[in-house]
Amino acid sequence: MAIQKSSSIRNLLQSLRAASFSSMIANDLRFTSQAYSSATTQPSGYSEDEDADVNWDKLGFGLTQTDYMYVMSCCKDQSFLKGRLCRYANIELSPSAGVLNYGQGIYEGMKANRTQDGRILLFRADQNAGRMRHGAERMCMPSPSIDQFIDAVKETVSANKRWIPPPGKGSLYVRPMLLGTGPILGLAPAPEYTFLVYVSPVGYYFKEGTAPLNLYIEEEYVRASPGGAGGVKSITNYAPVMKAIAKAKDGGFSDVLYLDAINKKYLEEVSSCNIFIVKGNVISTPATNGTILEGVTRKSIIEIAKDHGYQVEERPVAVDELVDADEVFCTGTAVGVALVGSITYRNKRIEFRLEGRLVCQQLYSTLVGLQTGRIEDKKGWTLEIN
């Protein structure tokens, strides 16, 4: 009887706590919605149609604080409620938040582009939404639905439209995040979660701009191992590569190319992008087998390459194949499609073709054409934001 009573009390407390949290979120939504409505109908200091005060010609890949972000929360084992836009600001976290103590967090990277005729386009947002749901399942987190994800991104981009660079000057980088923000001490999923979206105008990811990259193959450190979380966009994948990147950049290289953790002989990916090698009419890229992130740009380039008549192979790519490669390039949301000029492996520098009719440039031109509306989208990849 005592055990049943204790269990009933515990269940009651849990229900009250969930109800209290839902009530808090609902009240916060009403308050923030009113504040946002006031802010948008009576803007202070600028017009929504006014361009942001940014030197677009000197835009790099760095954080520029914009006007609004999107926030949505829920308890563990529940569904996300309606989110809201609010002013871009710091967020408050408990020192025992799951994301701070156990790295329970994932994120996405997307871009919004302005077309020559003034439209605003998102590229394959449904793919990013699906990848977040896949990553959330791996990290034991609830996630927004596909529609919730896309609507949140659309609202955030629309609210910050004055920060979208003019055509040819860059993009608005969109960063959706899913974080375990509830307090937790023991190793377990957090009790509460926050989904948020913020944006920043960006230019080229690498300081080289459009210049060819010089990569360094890392043998001491690995990016991911079988059975780990290398195949999802977990925040835990990125801090461990910083040491290898710092070592490479001290040596004058652009970034690091990692090998597989078991054999140390097969290419995996670069720190923040996927890699492709070209030999004749064949384009090869490492197969995604759980240790390699399934990039949205990677997926798009594979389809575009097939449309152009190239044979594309997703398979294990041995490091020794680099010697015979005609061309090498990287793909990613941040980097786009970046030509690789050289790869250094065991103190030997391997150089690749940089002139003539380059496959990389052909594929990049098509990709950007679709993303910016210069090429008609017959694939249904772009989403216009009104």
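Computed from a predicted structure; not experimentally measured.
Shown here are the side-chain hydrogen bond (donor to acceptor under 3.5 Å, both in side chains) partners of Ser300, two or more places apart in sequence or in another chain: Arg124. Shown here are the side-chain hydrogen bond (donor to acceptor under 3.5 Å, both in side chains) partners of Ser225, two or more places apart in sequence or in another chain: there are none. Checked against side-chain contact (heavy atoms from CB on, under 4.5 Å), Glu355 has no partners two or more places apart in sequence or in another chain. Qualifying salt bridge (Lys or Arg N to Asp or Glu O under 4.0 Å) partners for Glu294, counting only residues two or more places apart in sequence or in other chains: none. Under the rule for a side-chain hydrogen bond (donor to acceptor under 3.5 Å, both in side chains), the partners of Thr291 that lie at least two apart in sequence or sit in another chain are Glu268, Asn289. Scanning for salt bridge (Lys or Arg N to Asp or Glu O under 4.0 Å) contacts around Asp126 gives an empty result, with sequence neighbours left out. Under the rule for a salt bridge (Lys or Arg N to Asp or Glu O under 4.0 Å), Arg374 has no partner lying at least two apart in sequence or in another chain. Taking the salt bridge (Lys or Arg N to Asp or Glu O under 4.0 Å) definition, one finds that Arg315 meets it with Glu313, Glu321, sequence neighbours left out.
Put simply, the residue from Glu314, Glu269, Glu303 that forms a salt bridge (Lys or Arg N to Asp or Glu O under 4.0 Å) with Arg298 is Glu314. Partner of Thr382 under the side-chain hydrogen bond (donor to acceptor under 3.5 Å, both in side chains) criterion, chosen from Thr115, Thr372, Asp377: Asp377.
Within 6.0 Å of atom NZ in Lys247, more than 12 heavy atoms from other residues, nucleotides or ligands are found, so the atom counts as buried in its surroundings.
The side-chain heavy atoms of Tyr204 and Phe61, taken from C-beta on, include no pair separated by under 4.5 Å.
Checking side-chain atoms of Asp67 against main-chain N and O of Tyr88 turns up no donor-acceptor pair under 3.5 Å. The closest donor-acceptor contact from the side chain of Lys111 to the backbone of Ala334 lies under 3.5 Å.
Ring geometry for Tyr107 against Tyr238 counts as tilted: the plane angle lies between 30° and 60°, on a 0 to 90° scale.
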With a 3.5 Å cut-off and sequence neighbours excluded, list the donor-acceptor pairs that the side chains of residues 270-281 form with protein atoms.
unit_1	atom_1	unit_2	atom_2	d
Ser271	OG	Asp255	OD1	2.8
Ser271	OG	Tyr258	OH	3.3
Ser272	OG	Tyr205	OH	3.3
Asn274	ND2	Leu293	O	3.1
Lys279	NZ	Asp324	O	3.0
Asn281	ND2	Gly309	O	3.1

Can you give each donor-acceptor pair under 3.5 Å made by side-chain atoms of residues 169-178, sequence neighbours left out, with the distance rounded to 0.1 Å?
unit_1	atom_1	unit_2	atom_2	d
Lys169	NZ	Asp57	OD1	2.5
Ser171	OG	Asn113	OD1	2.6
Tyr173	OH	Arg175	NH2	3.1
Arg175	NE	Glu108	O	3.3

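Hydrophobic side-chain contacts under 4.5 Å tie Tyr102 into a cluster, directly or through other members, with Ile184, Leu187. The hydrophobic cluster containing Phe253 also includes Tyr216, under a criterion of side-chain heavy atoms closer than 4.5 Å among ILVMFWY residues, counted directly or through chains of members.
In this structure, NZ in Lys299 is found 14.0 Å from OG1 in Thr285, a value given to the nearest 0.5 Å.
Across Cys74 and Gln78, no two heavy atoms sit closer than the pair SG-O, 3.9 Å.
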Practice problem: Give the C-alpha distance, both sets of side-chain angles, the deciding distance and a yes or no for side chain to side chain contact (heavy atoms under 4.5 Å, CB included) between Leu121 and Gln371. | Solution: CA-CA 7 Å; Leu121 299 179; Gln371 291 173 332; over 6 Å; no
